[in-house]
Amino acid sequence: PSVVTDNPFLLQLKAVEETWVRIQIDGQTEKEMIFKPGEGVSFNAFNQICLIVGNASGLDVTFNEKVLERLGKSGEVVTLIFTPQGVEMKSHDKPKSPL
């Protein structure tokens, strides 16, 4: 049986390059932020955090005290889905030209 936890999980972000981020926590309104190098923030959630990172190499991500590997290349856009069970990462291909 699935267990609903009362314990929030912790997500910490720290920018190493200028990075645009969009985050949605537990289905609430999305927020957009731009981080300068050295800036950071942390979030708690119970169900899910959806994180879109506009510069995959520009962010250090710590999930429940565990530092994740570098997300990708400079300028690469990635989406991360964090849940109490772990993290799922989706890369975005560059948009294809409509021609």
Of all pairs that satisfy ring-ring contact (aromatic ring centres under 6.0 Å, His included), the ones with a partner from residues 48-89, not counting sequence neighbours: Phe9-Phe63, Phe63-Phe82
Can you check whether Leu11 reaches Ser42 side chain to side chain, under 4.5 Å on heavy atoms? no
Identify, with sequence neighbours excluded, every residue that meets salt bridge (Lys or Arg N to Asp or Glu O under 4.0 Å) alongside Lys73. Glu76
Same cluster or not: are Met33 and Val78 linked, directly or through other Ile, Leu, Val, Met, Phe, Trp or Tyr residues, by side-chain heavy atoms under 4.5 angstrom apart? yes
Quick one: does Asp26's side chain have a donor or acceptor within less than 3.5 Å of a partner on Phe46's backbone? yes
Return the minimal non-hydrogen interatomic distance between Leu71 and Ala56, and the atom names on each side. CB-O, 3.4 Å
Note, Ile81 side chain near Leu51 side chain (heavy atom, < 4.5 Å): no
With sequence neighbours left out, the residues meeting salt bridge (Lys or Arg N to Asp or Glu O under 4.0 Å) with Asp60 are Arg70
Any salt bridge (Lys or Arg N to Asp or Glu O under 4.0 Å) pairs touching residues 77-87, not counting sequence neighbours? none
Pairs meeting criterion ring-ring contact (aromatic ring centres under 6.0 Å, His included) with involvement of residues 22-45, two or more places apart: none
Can you tell me how far apart CG (Leu68) and CG (Leu59) are? Round to the nearest 0.5 Å. 9.5 Å
Is Leu10 reachable from Ile25 through a run of hydrophobic residues whose side-chain heavy atoms are each under 4.5 Å from the next? no
Could you report the tightest heavy-atom contact between Glu88 and Lys90, atom names first, then the distance? OE2-CE, 3.2 Å
Do Val41 and Ile49 sit in the same hydrophobic cluster, where Ile, Leu, Val, Met, Phe, Trp and Tyr count as joined when their side-chain heavy atoms come under 4.5 Å apart? yes
When the side chains of residues 16-23 are checked against the rest of the protein, which donor-acceptor pairs come out under 3.5 Å, sequence neighbours left out?
{"unit_1": "Glu17", "atom_1": "OE1", "unit_2": "Asn55", "atom_2": "ND2", "d": "2.9"}
{"unit_1": "Glu17", "atom_1": "OE1", "unit_2": "Ser57", "atom_2": "OG", "d": "3.4"}
{"unit_1": "Glu17", "atom_1": "OE2", "unit_2": "Ser57", "atom_2": "OG", "d": "3.1"}
{"unit_1": "Glu18", "atom_1": "OE1", "unit_2": "Lys36", "atom_2": "NZ", "d": "3.1"}
{"unit_1": "Thr19", "atom_1": "OG1", "unit_2": "Glu17", "atom_2": "O", "d": "2.8"}
{"unit_1": "Thr19", "atom_1": "OG1", "unit_2": "Gly58", "atom_2": "O", "d": "3.2"}
{"unit_1": "Trp20", "atom_1": "NE1", "unit_2": "Glu32", "atom_2": "OE1", "d": "3.0"}
{"unit_1": "Arg22", "atom_1": "NE", "unit_2": "Glu32", "atom_2": "OE2", "d": "3.2"}
{"unit_1": "Arg22", "atom_1": "NH2", "unit_2": "Glu32", "atom_2": "OE2", "d": "2.7"}

Would you say the side chain of Thr83 lies within less than 4.5 Å of the side chain of Gln85, judging by non-hydrogen atoms? yes
